[in-house]
Amino acid sequence: MNEIKQRGLWGLLGFSSALSSFAAIAVGLLFGFFLLLIANATDAAAGFRTLITSGFSDLKSMGQVLYFATPIIMTGLSVGFAGKTGLFNIGATGQFTVGAYCAVFVGVRFSFLPGLTLCLAALLAAMLAGAIWGSIPGLLKAWLNVNEVISCIMMNYIGMYLVNYLVIQTIYNHRHNASMNVLSNANVPRLGLDRIFRDGNIVSSANGGIFIAILAAIAMYVILEKTTLGYELKACGLNKNAAQYAGISAKRGIVTAMVISGALAGLGGALLYLSGAGKNIDVVDVLAQEGFNGIPVALLALNNPIGIIFSGLFIGYMTVGGFNMQLYNFSPQVVNMIVAVIIYFSAFALLVKGFIQKLGQREKQSGKEAGGE
Amino acid sequence: MSTVYFLVQQTMFFSIPLLIVALGGMFSERGGVVNIALEGIMVFGAFAGIVMIDAVQSAGIAINGQLLLLLAILTAAATGVLVSLAHAYASIHMKADQVISGTAINMLAPAFAIFVGRVINTRGTQQVRFEDWFHLEKVPVLGSIPVLGDMLFTNAYITTYLGFFILIAAWALLYKTKFGLRLRACGDHPQAADSAGISVYKMRYAGVMLSGVLAGIGGLVFVIPTSREFNATVSGYGFLALAVLIFGQWKPLRILAAAFFFGLLKAVAAGSSGLPLLKDIALPSYFYKMMPFIMTLIVLAFTSRKSQAPRAAGIPYDKGVR
């Protein structure tokens, strides 16, 4: 509470930062509307309305928003956690994929585990796999000075091919060219969410995973803001040399950050494939989109864990809107384009933020900027 | 012997686009701008080129196949430049994080190709089909040279020769011209370049635009020999080209070697069950698909301490910094 008094409520929420994210979102949405206009002017208005309102149109759609948001909140946390330590974890996709594989493998093969323990084991296996996958770029960066962006890109492809190979070798369903279905008790319990979020008899895919994602976000907040470890990691991110000088091991920080970051992405993979929505790992040579979507989620929230919950929900909301927009023959790819434009403009976020802060200073005259960050 | 010829021909199809795109990446990074948007620019270039070919072919215009291909290559190059300008503007003028802007373009490209593909396609599908008017059964005269003729001048596309031409031109441009020297200076020490009167912004724009030209062409060159339709993807070739660039340590001739090596692995992965020798070893094709990425990681691990990477790559140029 002291913090709130010091920085003001808006400052604590990083209001000027949030404003730049909203600006990026506005530009992205405008761009999307123009695309629809060019593609089909008569249906553009109706299509756009569907895109931005249908996520709230009924309880089932809201359930779907939760379902789509769960994995990307996790990959967003993964990208955000690494970002707090000054690392760009573009490898969330690879960590997500190996996590998904290990979770599904446990969910299919470990039939000797009774009840909920199977689900827990699968989630743990996913976190472990993601952590290992994340640790490699971390170790390479810490000890051999390898740029983590490049090594993460390499790890993404290695992970994707390896998982495709392992799925075929161990848990292959020939008929669907995908992984087998997991045992029913491997799925994350639905906790009745599917029955709350439904449209008549059509239930949504909402499940307990969203609570796990929110818990993970809170855990990340606590680690970053309330522990020595978090303090050290943030210090590494802000100024590696200064941190080193203060006796913080930057090397250990980098590896720790990548391990935790990988575990978060891996857990995201588990939560998607253990959602009970009948999703299997397809054996195709395409990187998982959920991993890349973590990047805009983290960017929009400026790596703030609580903000990531909301930006994840936002991207999930847009995904549902894009899905429903097919009613007007618009392809759901519009959403990806809007998200891409949002990422592009959030790359300018620092500039915009600086501009807003300057405006704020001018208004106050005093020059004492209260803004967060 | 015919197996060897076949393997060499296949390797060409896979290597040439890698070579062209990696050379593009080289210009961008030697100028000081990291370009992970290569993948996205390839998709844009391939899409524009193939749409143009499809438009001409379905309009029933009688045109020489090779001429049409050249026109398509120009279209792809122009598209590549346009897209690369978006990256250049963000990373040079706006001093944005170059990786983030690149990620945005990579995300935009396939979505754009699918969306526009569905709008312009009368069938309502995203795939853009084209007919192969470009295949060379045998190049006159050159195709009759023993061994070499069989490897390079039969069952080929002019894109192969274009690739070699680009390599020579790129090498000459980088090492034998004033432009090349200035570009390299901007990538290694922009402050020094600036104090010598070189406009760092202009040189970096030039580097990124060259990478746009080459990545755009590379996208088209990748699709033409290996497919009859474009389905909004270049299968991670842009990222593989990035690996080639690092494996080749940002130098044209080493990039050539790396591109051939990776292309060979790809060719082997594609045909590992059909090649007599490899059939006996029976390694899964995934092994060959993973190899380029694993080897790049290993090379990175061993070279990063004394890396040949341009020193200022990825750092926005700020006049005020000493």
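Lettering follows sequence order; numbering is per chain, from 1.
Under the 3.5 Å distance criterion, with hydrogens and angles disregarded, no donor-acceptor pair is assigned to the side chains of A:Gln95 and A:Asn156. Side-chain atoms of A:Ser78 and A:Ser261 include a donor-acceptor pair closer than 3.5 Å. Side-chain contact, A:Thr50 with A:Asn324: no donor N or O sits under 3.5 Å from an acceptor N or O.
Looking at A:Val146, the atoms closer than 4.5 Å to chain B (heavy atoms on both sides) sit in the backbone and in the side chain alike. Using a 4.5 Å cut-off between heavy atoms, B:Ile105 makes no contact with chain A at all. Heavy atoms of A:Tyr165 lying under 4.5 Å from chain B belong to its backbone as well as its side chain. Contacts between A:Leu299 and chain B at a heavy-atom distance below 4.5 Å involve the side chain alone, from C-beta outward. Residue B:Ile36 touches chain A through its side chain alone, counting heavy-atom pairs closer than 4.5 Å. Only the side chain of A:Ile168 comes within contact range of chain B, judged by heavy atoms closer than 4.5 Å. If you measure heavy-atom distances from B:Ala109 to chain A, you find no contacts under 4.5 Å at all. No part of A:Gln169 comes within reach of chain B, as not one of its non-hydrogen atoms sits under 4.5 angstrom from that chain.
The number of heavy-atom neighbours closer than 6.0 Å to OH of B:Tyr89, taken from other residues, nucleotides and ligands shown, is 12 or below. More than 12 heavy atoms of other shown residues, nucleotides or ligands fall within 6.0 angstrom of atom OH in A:Tyr172. In this structure, B:Lys251 places its NZ atom where more than 12 heavy-atom neighbours from other residues, nucleotides or ligands lie under 6.0 Å away.
With respect to chain B, the highest number of heavy-atom pairs below 4.5 Å among A:Asn145, A:Ile158, A:Asn336, A:Ile343 belongs to A:Ile158. Among B:Met107, B:His87, B:Gln126, the residue making the largest number of heavy-atom pairs under 4.5 Å with chain A is B:Met107. Ranked by heavy-atom pairs under 4.5 Å with chain B, the list A:Asp285, A:Val286, A:Ile38 is led by A:Asp285.
A salt bridge is absent between B:Asp188 and B:Arg30; no separation between the charged side-chain nitrogens and carboxylate oxygens falls under 4.0 Å.
Residue A:Ile90 forms a side chain to side chain contact (heavy atoms under 4.5 Å, CB included) with just one option from B:Thr103, B:Ile100, B:Asn106, and that option is B:Thr103.
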